[in-house]
Amino acid sequence: MRIVQENNEEASEYIRERLIAYNAEQLPEEAKSNKETAAFTVRDEAGGIVGGVTCTLYWKHMHIDFLWVEETKRKEGLGAKLLAEAENFAKQKGARLIKLDSFSFQAPAFYEKNGYTVFGKVEDHPVGHTQYYLVKWL
């Protein structure tokens, strides 16, 4: 046997699928759920995207992947509205919790203001900043 560096999607997908299969064997039936993704956007009058949130739902929880609002549109409440829309989606799908991560130069205080709790952090990552892990139980 030998270890080989492979930079291809086929190898990565095979490894991912094998771990997912193993994980599914460990869970009780009531914890299992199909993976589902969703995106919610805010569009301006011309139809351009000025904000949005993407999320992934599985194992009775939702992960906020990305939440972004165009800099000129910030402080107008769009982020909170997008977050609320994602949370409503999670509730409709029967999620128990929502988790996400945010860097210190992003918006951890925004998430805390919206009911999320920091459960972990990695200091000096990236250099000079902190990465926060947050959760909100539904």
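Quantities reported herein were computed from a predicted structural model and do not represent experimental measurements.
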Looking at [atom1] of [X] and [atom2] of [Y], how far apart are the two atoms once the value is rounded to the nearest 0.5 Å?
| X | Y | atom1 | atom2 | value |
| --- | --- | --- | --- | --- |
| His125 | Ser104 | NE2 | OG | 10.5 Å |
| Leu57 | Lys35 | CG | NZ | 11.0 Å |
| Lys136 | Ile98 | NZ | CD1 | 6.5 Å |
| Arg96 | Met62 | CZ | CE | 14.5 Å |
| Glu6 | Ile15 | CD | CD1 | 7.5 Å |
| Glu36 | Lys93 | CD | NZ | 3.5 Å |

Original post:
Thinking salt bridges, do Glu123 and Lys121 make one under a 4.0 Å N-O criterion?
Top reply: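 Answer for the salt bridge query: yes.
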Subject >> Phe119: ring-ring contact (aromatic ring centres under 6.0 Å, His included) partners, not counting sequence neighbours >> reply: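 By the ring-ring contact (aromatic ring centres under 6.0 Å, His included) rule, Phe119 matches no residue at all.
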Original post:
With sequence neighbours left out, what residues match Tyr111 under ring-ring contact (aromatic ring centres under 6.0 Å, His included)?
Top reply: Tyr116
Set of side-chain hydrogen bond (donor to acceptor under 3.5 Å, both in side chains) partners for [X], sequence neighbours left out:
| X | result |
| --- | --- |
| His63 | Asp65 |
| Glu13 | Arg16 |
| Lys60 | none |

Shared hydrophobic cluster, [X] / [Y] (ILVMFWY, side-chain heavy atoms < 4.5 Å):
| X | Y | answer |
| --- | --- | --- |
| Ile64 | Val135 | no |
| Leu100 | Val118 | yes |
| Trp68 | Val50 | no |
| Tyr133 | Leu83 | no |

Original post:
Are the side chains of Gln5 and Asn7 in touch, meaning some heavy atoms are under 4.5 Å apart?
Top reply: yes
Original post:
Just wondering, more than 12 heavy atoms not from Arg43 lying within 6.0 Å of its CZ?
Top reply: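 Atom CZ in Arg43 is crowded, with more than 12 foreign heavy atoms closer than 6.0 Å.
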Is a donor on one side and an acceptor on the other found under 3.5 Å between the side chain of [X] and the backbone of [Y]?
| X | Y | result |
| --- | --- | --- |
| Ser33 | Trp59 | yes |
| Thr41 | Ile49 | no |
| Asp124 | Val127 | no |
| Gln106 | Phe103 | yes |

Original post:
What pairs meet the ring-ring contact (aromatic ring centres under 6.0 Å, His included) rule with one or both residues in residues 10-58, with sequence neighbours excluded?
Top reply: Phe40-Phe89, Tyr58-His61
Original post:
Just checking, is any N or O donor in the side chain of Glu10 or Asn8 under 3.5 Å from an acceptor N or O on the other one?
Top reply: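 No.
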Of all the heavy-atom pairs spanning [X] and [Y], show the shortest one and how long it is.
| X | Y | value |
| --- | --- | --- |
| Ala80 | Asn114 | CB-OD1, 4.1 Å |
| Gly79 | Leu67 | O-CD1, 4.0 Å |
| Leu138 | Ala95 | CD1-O, 3.6 Å |
| Leu82 | Gly51 | CD1-C, 3.9 Å |

**OP:** Would you please test Cys55 and Thr37 for side chain to side chain contact (heavy atoms under 4.5 Å, CB included) and show each step?
**Re:** CA-CA 6 Å; Cys55 44; Thr37 60; over 6 Å; no
